[in-house]
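In the text below, chain A, chain B and the rest are named by the order of the sequence lines, each starting its count at 1.
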2 protein chains.
Amino acid sequence: MTEATRRERLRADTEREIRQAARALLVERGRDAVTLRAIARELGITAPALYRYYDSHDALLRQLCDDICADMAAVLYADLAADTSGQVGCQVRAVCRGFRRWALAHPQEFALVFASPRDPLGADQFGSVFLHLAGRLIASNLVVKHADEEVPEVLHEDLVRFQQVLMDAVSVHGVTVEDDVLNLGKIYHVVQSWVRLYGHVALEVFGRFPFAVSNPEPMFDNMLDQMLSDIGFQEDDSAAR
Amino acid sequence: MTEATRRERLRADTEREIRQAARALLVERGRDAVTLRAIARELGITAPALYRYYDSHDALLRQLCDDICADMAAVLYADLAADTSGQVGCQVRAVCRGFRRWALAHPQEFALVFASPRDPLGADQFGSVFLHLAGRLIASNLVVKHADEEVPEVLHEDLVRFQQVLMDAVSVHGVTVEDDVLNLGKIYHVVQSWVRLYGHVALEVFGRFPFAVSNPEPMFDNMLDQMLSDIGFQEDDSAAR
DNA sequence: AACTCTTGTAAACACCGTTCACTGAAACCG
DNA sequence: CGGTTTCAGTGAACGGTGTTTACAAGAGTT
């Protein structure tokens, strides 16, 4: 069955344990507790042994970020699958709610991945869910036509690049879209939505609203409604595909 | 002139030096470099001596946050004062631009103060500039009348609390506002603006836009325009007061 | 002058990332 | 099978960290 040698299997097992231990430490005791020695202690080995698996503490943290992204993507995909309405609007809502719920349940992970002044995440690990959904959203053609002229010319170059990223993300899943459907105006609105979604979630996770919010959830839902309506979704539209 | 004793003066000097050293370390070498021993080294003393001034490393970091907030507020007030148009819309724009500029120039400070999973900031240190401006903005009556009915009932309690915070912030500066001008609809829109402003700035500082943005500034300005127009400002309105 | 209060020190403890020489067993090869 | 190579893991060490403790020495007070 397995072509891997005994040694390779053991190595893979240990590496998995390292990741699990690192993750548990981050979740339970914060970023500063993710220590080589603490991880090693958890596995019953010594700290230098970890250097057989990772070049440095920093490299291990980077790996941790990737794992977190992968896990979050899995959660969001599950949220997406749980929506049986078949309506793109509902799907977007489900994923956005899932993102907020995940961030609130995993503040340490959120801070590490989404709010640390380190190297930018690659588009793939960034959360293909978002890209996938954004692509489908735009392709569904339910979005009101936004004229490209609304978008300042200086942004065109960047938006065209993002357009390509989106097309790639969607085509990976076997869907192809015509160029003209993915026009710049729509793409710009998707970026604006990301700004609002991220802004609300981060403010809530970090407690940086200018006053104590006792009921953040309806506030979020309200923002979501307005966001979807800004993009051009009506409340009870039915979706394509 | 000074009523302080010699000893008190010396103590105040040392404390100031500690803060300066801590700040310099944060800016130049990141959060993890703000070390008791490094600070002490800078002052030519030993690490335990710092315990005469702060209870712990954590307490010192908290003080650092306060200092950063104070400095940022000073910068934003300067940006506000530099705007001689007398138009509230321009003033809002100036402060928002100043906030983005400050955040990009001080990413470490921004991350520490605005994107760390710690205790929420007090309303005072949060940036009285924002509150002051938001209050004036709402009071200027240029904002289109937003019906309170748009706002979900669950949010009323929170918004009323924020209303009080705003009134207090404005009245500190000698301005008084009638209750009915500061209606909940307006307040809600101000909160939404904060979400978008913070969202854009944080995404830019942390490089978490879903694609590489080569021209973030016009994108920000565009967002600002749309934000102001959403609040109800027209491009060339003139302001009250 | 005697006393207290304050500010600093040195030493120590337990922890951290990282390096290095070394061990022992698994894997490979003739 | 025997010899050799590969490699995960060890223990000791280096310089760094936060924090506590006992102690010194000067400033301020009476």
Side-chain angles (χ1 to χ4, degrees), chain A residues 1-65 108 112 116 118-119, chain B residues 1-65 108 112 116 118-119:
Chain A
M1 184 65 80
T2 67
E3 301 178 16
T5 70
R6 187 178 115 88
R7 207 138 66 173
E8 279 169 339
R9 259 185 297 111
L10 287 178
R11 184 181 175 83
D13 282 356
T14 307
E15 190 170 334
R16 198 171 29 75
E17 283 184 58
I18 293 175
R19 294 178 182 200
Q20 284 176 357
R23 187 66 167 282
L25 285 166
L26 174 67
V27 170
E28 287 160 25
R29 290 160 49 200
R31 205 205 79 164
D32 293 346
V34 184
T35 265
L36 290 186
R37 284 186 150 92
I39 296 171
R41 215 177 293 130
E42 216 72 23
L43 301 208
I45 60 177
T46 60
L50 295 176
Y51 282 81
R52 302 288 176 198
Y53 298 85
Y54 296 96
D55 286 343
S56 68
H57 181 244
D58 205 62
L60 200 152
L61 272 190
R62 245 188 295 276
Q63 172 67 60
L64 187 52
C65 284
Q108 300 287 350
L112 186 65
S116 292
R118 27 174 65 243
D119 40 287
Chain B
M1 182 64 82
T2 67
E3 302 178 15
T5 70
R6 187 178 114 87
R7 200 132 75 172
E8 280 167 339
R9 259 184 297 113
L10 287 178
R11 184 180 177 82
D13 283 356
T14 307
E15 191 170 334
R16 199 171 28 76
E17 282 184 59
I18 293 175
R19 294 179 182 199
Q20 284 175 356
R23 186 67 167 281
L25 285 166
L26 175 68
V27 171
E28 288 160 25
R29 290 161 48 200
R31 205 206 79 163
D32 292 347
V34 184
T35 269
L36 289 185
R37 285 186 150 91
I39 296 171
R41 214 176 295 130
E42 215 73 21
L43 302 207
I45 60 178
T46 61
L50 295 176
Y51 282 82
R52 302 291 177 195
Y53 297 87
Y54 295 96
D55 284 344
S56 68
H57 180 245
D58 204 63
L60 199 152
L61 272 189
R62 246 188 295 276
Q63 171 67 60
L64 188 53
C65 283
Q108 299 286 351
L112 186 65
S116 293
R118 28 175 64 242
D119 41 288

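A:Leu43 is linked by a side-chain contact (heavy atoms from CB on, under 4.5 Å) to A:Thr14, A:Glu17, A:Ile18, A:Ala21, A:Ile45, counting only residues two or more places apart in sequence or in another chain.
Computed from coordinates, the A:Leu60 CG to C:dT18 C1' distance equals 14 Å when rounded to whole Å. The nearest whole Å value for the distance from the CG atom in A:Leu50 to the C1' atom in D:dC7 is 15 Å.
In terms of phosphate contacts, A:Arg11 brings a side-chain nitrogen or oxygen within less than 4.0 Å of OP1 or OP2 of D:dA8. Within the 4.0 Å cut-off from OP1 or OP2 of D:dT10, at least one side-chain nitrogen or oxygen of A:Thr46 is found.
For residues 20-29 of chain B, the set of pairs meeting the side chain to side chain donor-acceptor pair (under 3.5 Å) definition, not counting sequence neighbours, comprises B:Arg23-B:Asp71, B:Arg23-B:Glu109. Listed by first and then second residue, the salt bridge (Lys or Arg N to Asp or Glu O under 4.0 Å) pairs involving residues 41-55 of chain A amount to none (not counting sequence neighbours). Every pair passing salt bridge (Lys or Arg N to Asp or Glu O under 4.0 Å) that includes a residue from residues 30-40 of chain A is listed here, sequence neighbours excluded: A:Arg31-B:Asp32, A:Asp32-B:Arg31.
Taking only side-chain atoms of A:Arg41, from C-beta outward, the nucleotide of D:dG9, C:dG8, C:dC16 with the closest atom is C:dC16. Of the candidates D:dG9, D:dG18, C:dG8, D:dG9 carries the atom nearest the A:Ile45 side chain, counting heavy atoms from C-beta on.
A salt bridge does not link B:Arg9 to B:Asp13: none of the charged side-chain nitrogens sits closer than 4.0 Å to a carboxylate oxygen.
Counting non-hydrogen atoms under 4.0 angstrom, B:Tyr54 reaches nothing in the nucleic acid.
DNA chain C is contacted by no residue of residues 12-29 of chain A, taking any non-hydrogen atom closer than 4.0 Å.
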Study note, to complete from the structure: Protein-proximity profile, nucleotides 19-30 of chain D, B/S/- by nucleotide at the 4.0 Å heavy-atom cutoff, equals BB-----BBS--
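Remark: the backbone N or O of A:Ala38 is not paired with any side-chain donor or acceptor of A:Thr35 at under 3.5 angstrom.
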